[in-house]
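In each ligand, atom 1 is the first atom listed, and ligand 1 is the first ligand listed.
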Amino acid sequence: HEQRQRFIDALNNHELRLYYQPQVDMRSGQVVGLEALIRWQHPEEGLLAPGQFLPTIDTTPLEVELGEWVIEQALRQLTIWQAQGIALPINVNISPTHLLVSNFSQRLDELLARHPNVPPAMLKLEVLESAAMHDIQAALQNMSRCQALGVSFAIDDFGTGFSSLTHLRQLPVSLIKIDQSFVRDMLSDQDDMAIVESVIYMANRFKRPMLAEGVETLEHAKALMALGCELAQGYGIARPMPAESLPTWLANWP
Ligand code: G
Ligand code: G
Ligand code: MN
Ligand code: NA
């Protein structure tokens, strides 16, 4: 409880911030979007990663509050970048608890209305395969309503829940993200390579674009392109960075 109160204070005291990691088309070099990743700039403990504080609010209403804060922050940033001539969509991670709240799309509509200069298509939501599968009807309903608002979805951590294959077709998902745990070892582990190949094959069959996460080396990039996956994100391209660093990074990116 003490930890939770501390987190509420952090929200109110503006100690949370979003870092942004570029997503690129490896073939053309074009930057296609950004993933927003939360950090806690803790006054005593320094910069904390989500794994160090998100578990304390897991499945509590604070997850919804945080989720709305993240969406709003992304919309503010989109407005700022738009004025600077930077037009890249932002992908926001949505927790399972948040995705399944009954008024999810109404709240999203309200948040979008507060930022009228941002086209809804500039906001993308990353949802976990497991969240959608937990309650497929609720997920489908919320996602369809958001899609009607012009907001699209990516499936995060794809490949970690293969039982869901039959449901994939039902969900309004415009991007499939191949989980970095498979990408990391694909060059040394035949099983991981098999999973990456299968996901790429499947994404192609479903005619959905796919993006590989955790691309750390040129060898990974080459292997993924040879398999037909052209979108990527990872330390080999750029680490997540504060919003202020993005314009300089973009200016220096080939
Ligand atoms: O940035 P990092 O690799 O430490 O992120 C770790 C995990 O935290 C990832 O699974 C990521 O999806 C999750 N995460 C990062 N930012 C957010 C956020 O704003 N909301 C939610 N719900 N999860 C996030
Ligand atoms: O679960 P999700 O995909 O949202 O989490 C993305 C997380 O992965 C972020 O916290 C980000 O910091 C981290 N990440 C991004 N690129 C790389 C990478 O190339 N290698 C590793 N190990 N982690 C990465
Ligand atoms: Mn993600
Ligand atoms: Na992921």
Side-chain angles (χ1 to χ4, degrees), residues 7 10-11 15-24 26 33-42 46-77 89-101 104 108 111 123-132 134 152-161 173-187 192 196 199 210-221 223-224 231-243 245 249:
F7 184 77
L11 253 179
E15 292 170 15
L16 300 177
R17 45 206 54 143
L18 295 183
Y19 274 46
Y20 295 91
Q21 187 176 36
Q23 301 175 322
V24 307
M26 293 185 282
L34 303 161
E35 179 174 6
L37 295 155
I38 196 159
R39 302 287 182 262
W40 180 352
Q41 187 64 59
H42 194 288
L47 194 66
L48 302 183
Q52 295 171 274
F53 58 91
L54 287 186
T56 66
I57 65 163
D58 194 35
T59 69
T60 74
L62 274 176
E63 265 197 302
V64 177
E65 201 177 319
L66 174 71
E68 293 191 351
W69 180 86
V70 172
I71 292 172
E72 178 123 53
Q73 190 61 31
L75 292 171
R76 279 198 204 108
Q77 193 60 58
I90 295 179
N91 288 43
V92 161
N93 290 286
I94 300 297
S95 76
T97 305
H98 190 192
L99 176 69
L100 298 174
V101 296
F104 184 83
L108 182 62
L111 292 170
L123 182 69
K124 297 178 189 262
L125 304 179
E126 295 195 2
V127 303
L128 298 174
E129 194 182 3
S130 58
H134 179 72
S152 63
F153 286 88
I155 285 260
D156 211 347
D157 301 346
F158 190 81
T160 57
V173 167
S174 47
L175 181 70
I176 290 171
K177 296 186 76 173
I178 308 172
D179 193 56
Q180 60 180 333
S181 61
F182 306 124
V183 174
R184 186 183 53 226
D185 297 328
M186 64 182 276
L187 300 177
D192 284 344
V196 170
V199 170
M210 78 214 88
L211 178 147
E213 301 181 307
V215 175
E216 296 190 352
T217 70
L218 189 60
E219 287 67 40
H220 286 90
L224 286 159
L231 302 179
Q233 182 182 341
Y235 294 168
I237 297 155
R239 289 188 172 252
M241 65 187 90
S245 303
W249 183 84

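Between L54 and L66 the shortest side-chain heavy-atom distance falls below 4.5 Å. Looking only at side-chain heavy atoms (C-beta outward), E129 and D157 stay at 4.5 Å or farther from each other. A 4.5 Å side-chain heavy-atom check between Q23 and L211 finds at least one atom pair inside the cut-off.
Set against the non-hydrogen atoms of V70, the atoms of ligand 1 under 4.0 Å away are 19 (O). Each of the following atoms of ligand 2 lies closer than 4.0 Å to a heavy atom of N93: 4 (O). Ligand-side atoms of ligand 1 in range of L37: 1 (O), 15 (C), 16 (N), range being under 4.0 angstrom from any heavy atom. Ligand 1 places these atoms under 4.0 Å from at least one heavy atom of S95: 22 (N).
Contact between H220 and T217 at its shortest, heavy atoms only, is ND1-OG1, 2.5 Å.
Between Q233 and ligand 2, a contact under 3.5 Å exists for no N or O pair. The shortest N or O to N or O distance between K177 and ligand 2 is not below 3.5 Å. Ligand 1 has no N or O atom lying under 3.5 Å from any N or O atom of A49, backbone or side chain. When only interatomic distances are considered, the shortest N/O to N/O separation between E216 and ligand 2 falls below 3.5 Å.
E213 contributes a side-chain N or O that, together with a main-chain N or O of Q180, makes up a donor-acceptor pair within less than 3.5 Å. Q73 contributes no side-chain N or O that, together with a main-chain N or O of W69, makes up a donor-acceptor pair within less than 3.5 Å.
In R39, the part holding a heavy atom less than 4.0 Å from any atom of ligand 1 is the side chain. Residue contacts with ligand 2, taken as heavy atom pairs separated by less than 4.0 Å, do not involve D179 at all. Residue-level proximity to ligand 1 for D157 is absent, since no heavy atom of it falls below 4.0 angstrom.
Taking CG from L18 and CZ from R76, the interatomic distance works out to 10.0 Å, rounded to the nearest 0.5 Å.
Using the six-membered ring where Trp is involved, H98 and F104 have ring planes that are perpendicular, over 60° apart on the 30 and 60° scheme.
In this comparison of R184, Q180, E35, the heavy atom closest to atom 21 (C) of ligand 2 sits on Q180.
The Mn ion (ligand 3) lies under 2.8 Å from an N, O or S atom belonging to E126. E213 lies apart from the Mn ion (ligand 3) in this respect, since none of its N, O or S atoms is found at a distance under 2.8 Å. Taking backbone and side-chain atoms together, N93 has an N/O/S atom less than 2.8 Å away from the Mn ion (ligand 3).
In this model, no donor atom of one side chain and acceptor atom of the other lie less than 3.5 Å apart for Q21 and E35.
The closest approach of D156 to the Mn ion (ligand 3), by N/O/S atoms, is made by OD2. When the Mn ion (ligand 3) is compared with the N/O/S atoms of E35, atom OE2 turns out nearest.
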